[in-house]
Structures are given as structure tokens and as C-alpha cells.
Amino acid sequence: MIRLENLRKNYGAFRALDGISLDIEEGQIFGLLGPNGAGKTTTVKVLSTLIRPDSGTAVVAGHSVTADPTAVRRSIGLSGQYAAVDEKLTGYENLVMVARLYGMSRRESAARARELLAEFGLSDVTGKRAGAYSGGMRRRLDLASALVVRPPVVILDEPTTGLDPRARLDTWEVITTLVRGGTTVLLTTQYLEEADQLADRIAVIDSGHVIAEGTSTDLKGKLGAERITLTLTHRDSLDRTLRILDRIIGDSAHPQTDSSGLRITASAPLGQRDLLQVLAALDEEGHSVTEAALCRPTLDDVFLDLTGQPTSARPARTPADTAEVGA
Ligand code: ATP
């Protein structure tokens, strides 16, 4: 449904996309995961025909973005990084306006607007000005606008950035519902957890390159195991704890202790089972912990693993870039 081959895009002398190739099948949710400045929005802009690539090909629903941009635009719904809703209009009026712009009749537009408001859990605020909506509601209204004409492909650029956890979960639910209807979704995200929860396949991109691709399970396999973190109540328990980790997890534990001698992290290939066994052993031997946690790899762990550099070591986008994308 979406095919990118060796896509390149420069901004002046700066190479934002450096040969991206991706193949996205119909009905899939595909996650493009990467830190600030990786090239996610640039990829979205090429796919939605907002900018032309310098070289390479991009085909959406069988149409080339350069040879037939109009057909591409007819095949996609786009929700950008910032909700593009008219704040002076109500939710209902926003959707009717979009439907009318697409050429739907007054009656069809009204019916489609009502249907979408109900699907997106916005029926209660139908008559309220969008400017008075919460961030999560505005985001959902924006998603609904992208779906007015039931496009086969939906492109979502960081759909949950800036949302609180509750609104993020609601948005995930909406996205999952979309695919049940057969829509192909490309979503960009900076959150590993989001890609993990939603995407059938994930490509990790960095500095305009795809640096890893696969299912979430493939990537986790590549990235190693979950980690357990223990904070001991007493320093005296440290040696014993390290021996317990060695006995239960073995060589793959690679335990690390912080300077206080109280906090230990270790790999846990069996996840929850390792954690429970370690805690049981500590308990049996009379050692106590003030904190115990099982953590999944974060985006930083992914990048550290794949590139040897944390995401925080990368240059952040300048305010000028942000303004440009926002406009
Ligand atoms: P974010 O998560 O912050 O949105 P991103 O992965 O979407 O990041 P892009 O917006 O695609 O990244 O930007 C890729 C690189 O290209 C960044 O280094 C950015 O500063 C640069 N860039 C983007 N737009 C322009 C522009 N119009 N002119 C010059 N450089 C740009």
C-alpha cells in the first residue's frame, strides 16, 4: 500500500532523508520510530505530497507521489503533528466543513459528521467550540477530520505527542479501530511503547536512515531482554544479591551497581519470572528491598543498542524548525 525506495531529501546542504526504503502492506499499522530530527516528519511530508523528494520513489495506494500527486492526495487522510482544527467552529461544524470541501452533499456531510463524532467519543461535545476542547479531544477531532472520506491510507504524525496518559490510551483505541475497518496506517512516534502497542511492523530511523526494521518482537529480540532494577534496604545485602542474580539468571544478567551500592540493575531474559524468583530468594534469606521493578527497553535503550549513542546526545530541532513544521 505504501512503498518507499531509496528516498532522499536535502534541505540545502543538510541531508534529512538518506535513502529510506520501506514496504507497507494493506491493513497494517506501520510505526516509524525515531528521536527528534530523525526524518519522520520529512517522510510524512513526502508521502503526503507536501514536499518533493530529491530522488528515489514513493508510491501510495499505487500512485507515485511525484507523477500523480492528486491521486495520492485522494487516497490519504493526514493528521499532522499539531491538531489542525478550526477553534471557532464546533466539532460538528469542523467535520461538516471538511466533508463539504471534499464535495459531499449537505445531507451526507451531516450524517458523516455525526457518525464520526460518535465513533470518536465526541458526541457529548458536538455543539461545543473546538477551542474549548481538551488536547485529547482536539486530537481526536483532527483524526476524525482525516477520515471523513474513508481513505484507504491514513498517515499520523506523532498522534499522541503532548497528550496525557488517558488521552493517549483513547487515541490508541481509535487507531486500532481504524485498522479493523481495513485502513492502512503509517504512524510516526518517538515512543517505543506506542510503536510496541500499535504497530504490526516498526522501522527505527535515525539521521534519515532505517537502522532496524521488524515486528516489535523481532526488535525486542535484537535489543536484548527486559531489565530488573532492585533498590536494597541495606548495603550489606549487595554481595548476596549479586550471587542470587548469578544463580537465577546466570551469565546473561550482567548486573550493574550504582555508586550508592544499593541500586542494582540486571538483564532479565525471562522478565517477570526472573524478577519473582529473585525476590523470593532475597525474601527467603532475609534481605529486603525498598523498590523492585521490571522495565522494558526505552527508546534510549534502543538507540544506545543500535547506534551506541543515546537519543539525548543528538542535536534537538531548532525553534525555527518547529515553527516551520507547525505552520
Ligand atoms: P521530530 O520528532 O522532532 O518531529 P522528525 O523525525 O520528524 O523530528 P524532521 O522534521 O523530518 O524530523 O527533520 C529531519 C531533519 O531535517 C532535522 O534535523 C530538521 O532540523 C531538518 N529540517 C526539517 N525541516 C527543515 C527545513 N524546512 N529546512 C531545514 N532543515 C529542516
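Each ligand, and each atom within it, is numbered from 1 in the order the structure gives. Everything numeric in this text was worked out from a predicted model, so none of it was measured.
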Check: At the 4.0 Å heavy-atom cut-off, does P35 count as touching ligand 1?
Finding: yes
Next item on the list: Give a yes/no on ligand 1: does G34 have at least one heavy atom closer than 4.0 angstrom to it?
Entry: no
Note to self: Using the rule side chain to side chain contact (heavy atoms under 4.5 Å, CB included), only one of L141, V174, L95, D142 pairs with F120; which is it?
What the structure shows: V174
Check: Under the criterion side chain to side chain contact (heavy atoms under 4.5 Å, CB included), which of N10, T42, L4, N6 is the partner of L17?
Finding: T42
Note to self: I'd like the name of whichever of K40, E158, K9, R15 reaches closest to atom 5 (P) of ligand 1 through any heavy atom.
What the structure shows: K40
Next item on the list: Return the option from I51, T161, T41, T42 holding the heavy atom at the smallest distance from atom 13 (O) of ligand 1.
Entry: T42
Margin query: I'd like to know if the side chain of R138 reaches the main chain of Y133, judged simply by a donor and an acceptor atom lying under 3.5 Å from each other, with no hydrogens or angles considered.
Written below: yes
Checklist line | ligand 1 versus Q190: contacting region, heavy-atom distance under 4.0 Å | finding: side chain
Check: When Ile, Leu, Val, Met, Phe, Trp and Tyr are grouped by side-chain heavy atoms lying under 4.5 Å apart, directly or through other members, which residues fall in the same group as M97?
Finding: L89, L101
Check: Taking only heavy atoms of N36, which atoms of ligand 1 are found under 4.0 Å from at least one of them?
Finding: 1 (P), 2 (O), 3 (O), 8 (O)
Margin query: Please list, in number order, the atoms of ligand 1 under 4.0 Å from a heavy atom of A38.
Written below: 5 (P), 6 (O), 12 (O)
Item checked: Stepwise salt bridge (charged side-chain N to carboxylate O under 4.0 Å, His left out) check, R150 with E115 -> CA-CA 12 Å; R150 298 186 178 86; E115 189 178 25; 3.1 Å; yes
Next item on the list: Give yes if a backbone or side-chain nitrogen or oxygen of A16 is under 3.5 Å from a nitrogen or oxygen of ligand 1, and no if not.
Entry: no
Notebook entry, point to check: With only distance considered, is G37 within less than 3.5 Å of ligand 1 through an N or O on each side?
Noted result: yes
Checklist line | Y102 six-ring face occupied by R112 cation (under 6.0 Å, within 45°) | finding: no
